[in-house]
Amino acid sequence: MNHFIAPSILSADFANLQNDIEMINRSEADWFHVDIMDGVFVPNISFGFPVLTAIKKHAKKPLDVHLMIIDPDRYLEQFQKAGADNITVHYEACTHLHRTIHAIKDLGCKAGVALNPHTPISVLEDIIEDIDLVCLMSVNPGFGGQTFIENTYKKIRSLKLLVINRNEGLLIEVDGGVGNANALALLKAGANVLVAGNAVFAAKDPEQAIADLKKITPDLLRA
Ligand code: DX5
Ligand code: ZN
């Protein structure tokens, strides 16, 4: 597949959110990445349902909702109702991950599992067939604009091995510190969804920054 680009709304201008949403609508981006933080699972609070609903009102592309919250089961239906298309929960926040994944699918959403930088790929061994997306955190979750953790490449490669003959259509998303400097190497390693916050919104021309991340072609990947 051609890779997806998912700009992270966390780095958008919240006082002019509609402008930034329309920029993403116009751009070559594929999804909106929406970070929900509860101040407990991660040391930051972002926003909740009213903002998500407002984003949905204007967004013309799927909402990829990344839940950095404890006990996500309590809110899955509300997130779906507020407009989430993909719902990603953290492995570290789910006691009954299998149940949570199937609850997300029953709501008609794509089900994702995010792994913190220290969490090994091997924890997915017995759930890999059930999930649509794995989000590899390449920074410790909580904030935009952090430095990419290089060990992520190794994790992408182990995930690629795990999915062989078991879930080859799995979406492998990398989230945190992604930009022009590492996008090609990440795609070569096997990632197929790139989340980018700072690399898009701190750029002089965010729409062009998205186009630059999107234009990495299979030819470049083979080179
Ligand atoms: C971090 C969030 C990320 C963040 C990425 O906890 O999950 O989605 O917004 O931002 P950058 O691309 O700036 O690292
Ligand atoms: Zn995220």
Side-chain angles (χ1 to χ4, degrees), residues 3-14 17 20-21 23-24 27 29-48 51-52 55 59 61-70 72 79 84-94 104 109-119 132-153 155-156 171-187 191-204 206-207 209-210 212-214 216:
H3 63 281
F4 289 173
I5 303 298
S8 173
I9 288 295
L10 190 65
S11 299
D13 177 358
F14 288 121
L17 203 43
D20 284 344
I21 293 168
M23 181 280 290
I24 294 175
S27 78
D30 299 277
W31 293 343
F32 287 77
H33 184 80
V34 185
D35 289 305
I36 309 286
M37 304 177 180
D38 66 356
V40 179
F41 180 68
V42 287
N44 195 10
I45 297 175
S46 58
F47 50 80
V51 175
L52 184 60
I55 294 171
K61 298 174 181 180
L63 302 191
D64 178 42
V65 176
H66 176 193
L67 299 183
M68 284 159 274
I69 66 175
I70 58 163
F79 279 112
D85 295 279
N86 309 340
I87 299 181
T88 295
V89 293
H90 266 263
Y91 167 81
E92 301 84 3
C94 295
I104 295 172
C109 297
K110 273 195 170 54
V113 177
L115 300 184
N116 277 339
H118 73 279
T119 304
D132 300 305
L133 176 153
V134 170
C135 174
L136 296 176
M137 291 310 301
S138 38
V139 297
N140 285 296
F143 304 92
Q146 303 183 80
T147 306
F148 178 84
I149 296 171
E150 298 287 326
N151 188 55
T152 310
Y153 293 109
K155 292 177 78 173
I156 299 172
L171 294 164
I172 301 179
E173 178 175 71
V174 180
D175 185 7
V178 174
N180 264 327
N182 52 18
L184 178 60
L186 288 167
L187 297 172
N192 45 30
V193 183
L194 301 180
V195 174
N198 203 54
V200 166
F201 289 100
K204 256 203 205 104
E207 211 177 318
I210 293 169
D212 290 342
L213 289 170
K214 184 71 184 175
I216 303 171

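Ligands are counted one by one from 1 in listed order, and the atoms in each one are counted from 1 as well. All values below were derived from every heavy atom in this structure, side-chain atoms included, with hydrogens, water molecules and symmetry-related copies excluded.
Taking 2.8 Å as the threshold, H66 counts as a candidate ligand of the Zn ion (ligand 2), since one of its N, O or S atoms lies below it.
Taking every non-hydrogen atom of G144 and a distance limit under 4.0 Å, the qualifying atoms of ligand 1 come out as 10 (O), 13 (O). Heavy-atom proximity to G176, at under 4.0 Å, picks out these atoms of ligand 1: 14 (O). Distances below 4.0 Å separate heavy atoms of M68 from the following atoms of ligand 1: 6 (O), 7 (O). Interface atoms of ligand 1 facing D175, defined by a heavy-atom separation under 4.0 Å, are 2 (C), 3 (C), 4 (C), 5 (C), 7 (O), 8 (O). Listed by number with element, the atoms of ligand 1 under 4.0 angstrom from any heavy atom of H66 are 7 (O).
When only non-hydrogen protein atoms are considered, atom 1 (C) of ligand 1 lies nearest to F143 O, 3.5 Å.
Nearest to atom 9 (O) of ligand 1 by heavy atom, out of A199, A12, P141, S8, is S8. Comparing A114, C135, G142, G145 by heavy-atom distance to atom 13 (O) of ligand 1, the nearest is G145.
Of the N or O atoms in N198, one or more lie within a sub-3.5 Å distance of an N or O in ligand 1. Considering backbone and side-chain N/O atoms, G177 comes within less than 3.5 Å of an N/O atom of ligand 1.
Between F4 and W31, the ring planes are perpendicular. Angles over 60° get that label, and only those under 30° would be called parallel.
Distances from the Zn ion (ligand 2) to the N/O/S atoms of D175 are shortest for OD2.
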